[in-house]
Each structure stands twice: as C-alpha cells, then as structure tokens.
Amino acid sequence: MATLTVNRPPQGGFSFENCRRNALIEGEANKVGCSLPSARKTGTTICGIVFKGGVVLGADTRATEGMVVADKNCSKIHYISPNIYCCGAGTAADTEMTTQLISSNLELHALSTGRLPRVATANRMLKQMLFRYQGYIGAALVLGGIDCNGPHLYSIYPHGSTDKLPYVTMGSGSLAAMAVFEDRYKPDMEEEEAKQLVRDAIAAGIFNDLGSGSNIDLCVISKSKVDYLRPHDEANKKGVRTGDYKYKRGTTGVLTKVVAPLDLEVVEETIQTMDTS
Amino acid sequence: MAATASMMQSFGPNLSAQNDLVPDWTRTEVSTGTTIMAVEYDGGVVIGADSRTTTGAYIANRVTDKLTPIHDRIFCCRSGSAADTQAIADVVAYQLGFHSIELDEPPLVETAAHLFKASCYRYREELTAGILVAGWDRRRGGQVYCVPIGGMLVRQPVSVGGSGSTYIYGFMDSNYKPSMSKEQCLELTATALTLAMERDGSSGGVVRLASISEDGVERRVILGNQLPKISTH
C-alpha cells in the first residue's frame with residue numbers, strides 16, 4: 001500500500017517549517033498587541049592555555065543582565081590560592097560564590113597539610129560540589145595553576161564533569177575562541193607567544209559574540225610569579241567626539257549690562273547638628 | 001545505548017527557548033556520546049573507547065580518555081553523562097581502594113563491578129550511566145562485566161556500549177571467537193570502534209586502547225589518520 005507522500009516526524013537538522021510558523025505566530029501576536037519574548041544571552045568568553053613554565057588564563061570583562069550591559073569592566077578571573085586562579089562563566093553570582101567557597105576551603109586544607117595546594121585538589125572540590133547540586137549552580141569554570149607537579153589546566157562544567165586539557169575555552173564566545181586556539185596552539189610555547197594567543201582568542205570572542213565585550217584580562221601563572229594583568233588590552237576604547245555643540249565665549253555679542261543688587265535680611269537662623277560618630 | 005528521541009514540534013511554552021540567541025550547547029549537559037568495547041582473552045582483557053565528548057552539537061573535548069583506572073588492574077569504560085560517570089567512577093575508586101587496603105590484597109574485578117552496580121541501581125532514576133568494568137585478577141583472570149543504564153550487572157566475554165554500539169553488534173557477533181590472542185583482540189576492538197565512529201555522529205576523535213593482564217596495563221592511542229581503512233566507498 002504505497003502512498004505518494006510519507007508522514008514523517010521532523011528528524012532534526014535545520015527545519016524551515018519553524019521560520020514560517022514563527023512568522024505566523026508573530027503576526028498573530030502583533031494583531032493582539034503583544035510582542036514575542038526577547039532573547040537572553042549568557043555573555044562571556046574565558047579561556048586558558050598551558051605554556052612552557054605555566055598557564056595563561058584569559059577573560060573578557062562584560063557582564064550582561066538581559067539585553068543590557070550591567071558591568072563594562074567586571075573581573076572574571078577569581079583568586080583561588082596564590083598559585084591557582086579560576087575564570088568563571090555562566091551565572092555571575094554562582095561563579096563568584098563557588099570560587100570563594102572553594103578558595104576558603106582550600107586555604108584551610110593547605111594549612112592542615114602544610115603544603116602548597118594542588119590544582120587537582122581544587123578541581124576535585126569544585127566538581128564534587130557542582131555535581132551535588134546537579135547542574136543548578138550555573139558555573140562553568142576554567143581552572144588553572146601551577147603546583148609541585150607542574151602546570152595544570154581544567155575545564156569544569158555546571159553538572160560536575162571536568163576535562164584536563166592543554167587548552168580550553170568556555171562561555172558563549174567559546175566557539176570563536178576555540179577556533180583561534182585550534183589554529184595556532186603549539187605545545188611548549190614561550191610566555192609572550194602564549195599571552196598573544198590568549199589575547200587573540202578572547203578578542204575573537206569579544207568581536208564575534210554578542211554576549212562578550214569590553215576589555216581583555218589576562219592572568220599569567222608561573223613558578224616564580226603571578227601576573228594579574230587587568231586590563232591587559234583595552235579592546236574597546238570609548239570613542240572621542242570629533243565635534244562639540246558648546247558655543248565659545250563671545251559668540252553672542254553683549255549690548256547692555258544692568259546690575260541690580262538684592263538687599264536681603266536674615267530672618268531666622270537654626271542649627272542642626274550632624275552626627276559624625 | 002542512548003535512546004534517540006524523535007523530535008515532535010511543540011508550540012506554547014517552547015517559544016522563547018527556540019527564539020533564543022543563546023546557543024543550545026551552552027545549556028545542554030555534557031554527554032559522552034561514545035562507543036566503548038571490552039573483550040576477554042586468555043590472560044587478560046582488552047578495552048577500547050573513542051574520544052568524543054559533546055554538549056549538544058558542540059564537541060567539548062575531542063581527546064577524552066574514557067578508559068578510567070579504578071585500581072591497578074581494573075579499568076572502567078564510561079558512557080552516558082560525563083558528570084554522572086566521572087562522579088560514580090571517583091566514588092567506586094575510593095571504595096575499592098579502601099576495601100583493597102582492608103583486604104591487604106588486590107581486589108577482584110567482580111567486587112568492582114558490584115560496587116558500580118550498587119551505585120547505578122540505587123540512583124537509577126537520577127543517573128545516566130552505562131559502564132563496562134574490565135580487568136584482571138588472580139582468581140578468575142581476565143573478566144568483562146557490563147553495567148548498563150538501569151543498574152543491571154552481567155558478565156560477558158565481549159561487550160560493547162554507548163550510542164555507537166548499535167552499529168557494531170553485528171560485526172562483534174560475527175567476528176568474535178572465544179580463545180583469541182591479545183593481538184587479535186586489539187585488532188578486533190580497533191576495527192569495531194573505527195566502524196562505529198564512521199557511522200555514529202556522537203563518536204569520533206581517536207581510538208584509545210588498553211590491555212590489562214597480570215603483567216600490568218599497556219595503553220595505546222590510534223590517531224585519526226592511522227585508523228584502519230575498512231570501507232572502500
């Protein structure tokens with residue numbers, strides 16, 4: 001019993017059915033007087049790279065609240081311990097609180113062991129906490145640092161899975177940043193080369209992703225020092241106005257000038273003390 | 001072993017989700033799409049896995065190591081949700097390590113498999129984890145135990161798992177013969193994984209192999225351009 005057309009449910013891939021349906025629904029909605037809900041974006045591009053002698057972490061500095069930029073210069077690279085730093089993408093409050101909690105616990109742990117904390121320890125603590133909350137804590141992190149076993153870099157997802165890799169990117173701009181990494185990453189790069197690569201990767205995220213923007217922050221962690229470069233590169237400078245609408249003094253000619261002094265009497269005087277304790 | 005859901009067009013509350021500028025992969029959970037395989041031979045086991053981890057349509061990690069050591073001579077192959085399987089493997093590794101120290105001897109593969117089963121079955125509603133436990137111990141030699149989604153436990157001479165496994169059941173059934181040598185097992189696993197990676201979108205990257213025997217664990221990686229060429233078209 002062959003039929004000319006077979007009714008099959010849509011299998012995936014790009015279905016243009018939705019475009020027609022969306023236009024129809026938008027028409028219906030506009031007729032009634034309401035508009036469709038607007039898009040929301042979770043901004044951010046964060047990335048990290050292992051180079052010869054340490055790790056370089058990078059982040060953009062835009063924090064968005066719906067369609068509005070809430071903070072043009074927020075700091076997304078968080079301190080975990082003197083030798084470990086963590087970039088955070090996702091819900092800003094979640095990344096801030098999570099990194100602070102683990103930083104605090106790690107300091108107590110380090111005092112208890114009497115040793116410099118290891119990156120693997122921070123990774124374990126973060127993944128176990130995020131897994132416990134089953135993904136409801138929206139924190140996607142790039143954890144990097146250097147310890148007695150060398151430089152390490154981890155990416156940690158909100159559900160609690162982690163990957164240990166030589167280069168990682170996270171956030172809505174991660175695809176743009178990963179494209180740059182996949183093209184130019186080489187093992188055992190020098191510090192300057194690594195910084196330039198991370199800078200370019202974040203720049204790719206900033207210019208190609210709506211949710212990322214403003215400046216580029218970098219954090220270079222090596223055995224001897226930690227360079228927290230904020231900002232490393234002001235990728236978006238505020239423009240300078242080329243013209244001015246103010247009139248210069250003397251534009252309007254003064255014809256006559258009359259001065260009339262006002263004689264005023266003091267009627268009432270009261271004192272109110274200010275409490276400056 | 002992943003269930004493929006057919007996409008039905010739904011209106012109403014899904015409107016905003018489909019109009020979002022936020023890409024889908026930032027919100028979906030990380031899953032190891034996967035093809036995993038484990039084969040017993042006389043004197044040990046051979047295990048293999050692909051290396052792709054996906055979040056939706058984006059490959060989060062293209063060089064994943066899905067062969068996780070649980071103990072010196074016991075490994076597990078992970079498929080399903082990355083977070084769930086990593087968490088379970090960490091828990092079982094701890095429990096097995098503790099048990100082994102109490103016993104003061106290397107643990108049995110059967111013990112490891114039962115520990116996996118206990119976690120996977122107790123939390124079966126909350127977890128998405130399909131695991132193959134494989135290793136060598138002195139009592140029974142090389143063993144492969146299958147703990148699929150739901151928490152069943154069964155010992156099999158050869159087992160495959162993950163979303164790509166459906167494509168290689170036929171190949172496995174027709175090409176596996178009992179009492180193969182280690183090299184034959186390695187070749188069988190590599191070929192089977194290559195075939196699955198060719199056809200399954202959620203499997204890909206490199207082929208990771210490991211052979212476990214009394215002498216220890218031997219790991220190797222077959223890069224993409226070194227994979228066996230099977231199909232001629």
Side-chain angles (χ1 to χ4, degrees), chain A residues 8-13 15 17-19 21-22 24-26 28-29 35-44 64 67 89-90 123-124 127-128 130-135 138 140 154-175 178 182 209-211, chain B residues 4-32 51-66 68 78 80-91 93-94 123 125-129 201-202 205:
Chain A
R8 251 180 307 144
Q11 291 299 321
S15 170
E17 299 297 316
N18 293 343
C19 297
R21 179 212 64 184
N22 288 349
L24 204 70
I25 290 173
E26 196 168 334
E28 297 288 326
S35 58
L36 290 176
S38 58
R40 307 191 127 266
K41 32 192 205 302
T42 53
T44 298
T64 51
M67 293 297 272
N123 179 51
R124 267 283 155 124
K127 77 165 4 177
Q128 284 177 351
L130 291 172
F131 183 75
R132 199 174 349 128
Y133 285 93
Q134 285 290 292
Y154 293 87
S155 66
I156 306 170
Y157 290 82
H159 283 265
S161 61
T162 64
D163 290 308
K164 185 175 193 311
L165 292 164
Y167 55 95
V168 294
T169 64
M170 294 285 250
S172 56
S174 66
L175 258 58
M178 185 50 94
E182 288 284 24
D209 174 45
L210 295 177
Chain B
T4 45
S6 60
M7 296 238 295
M8 296 303 286
Q9 279 204 23
S10 49
F11 302 87
N14 277 350
L15 271 177
S16 56
Q18 283 170 341
N19 281 345
D20 253 345
L21 282 181
V22 178
D24 188 41
W25 49 262
T26 51
R27 286 172 290 144
T28 38
E29 197 184 326
V30 177
S31 114
T32 47
S51 70
R52 182 172 288 185
T53 319
T54 50
T55 37
Y58 177 63
I59 300 173
N61 187 353
R62 58 181 170 86
V63 286
T64 327
D65 187 6
K66 302 179 189 178
T68 312
R78 301 180 292 110
S81 152
D84 291 350
T85 53
Q86 282 183 11
I88 298 170
D90 286 344
V91 160
Y94 161 75
Y123 297 106
E125 306 300 330
E126 288 85 25
L127 294 172
T128 313
S202 315

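In what follows, chains carry the letters A, B, and so on, assigned in the order in which the sequence lines appear, proteins first and then strands, with residues in each chain numbered from 1. Not measured: the values here are computed from a predicted model.
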Non-hydrogen atoms of chain B under 4.5 Å away: do they reach the side chain of A:Ser155, the backbone, both or neither? neither
Minimum heavy-atom distance A:Thr44-A:Ala89, with the two atoms named: CG2-CB, 3.7 Å
Contacting region of A:Met178 [heavy-atom separation from chain B under 4.5 Å]: side chain
Closest non-hydrogen atom pair between A:Ser172 and A:Asp209, with its separation: OG-OD2, 2.7 Å
By a 4.5 Å heavy-atom criterion (distance strictly below it), what part of A:Lys164 contacts chain B: side chain, backbone, both, or neither? neither
Going through the checks in order, is the salt bridge (charged side-chain N to carboxylate O under 4.0 Å, His left out) test met by B:Arg78 and B:Asp84? CA-CA 10 Å; B:Arg78 301 180 292 110; B:Asp84 291 350; over 6 Å; no
The interface call for B:Asp65 against chain A, heavy-atom contacts under 4.5 Å, is neither
Evaluate the salt bridge (charged side-chain N to carboxylate O under 4.0 Å, His left out) criterion for residues A:Glu26 and A:Arg21: first the C-alpha distance (whole Å), next the side-chain angles of each, then the deciding distance (0.1 Å), finally the verdict. CA-CA 9 Å; A:Glu26 196 168 334; A:Arg21 179 212 64 184; over 6 Å; no
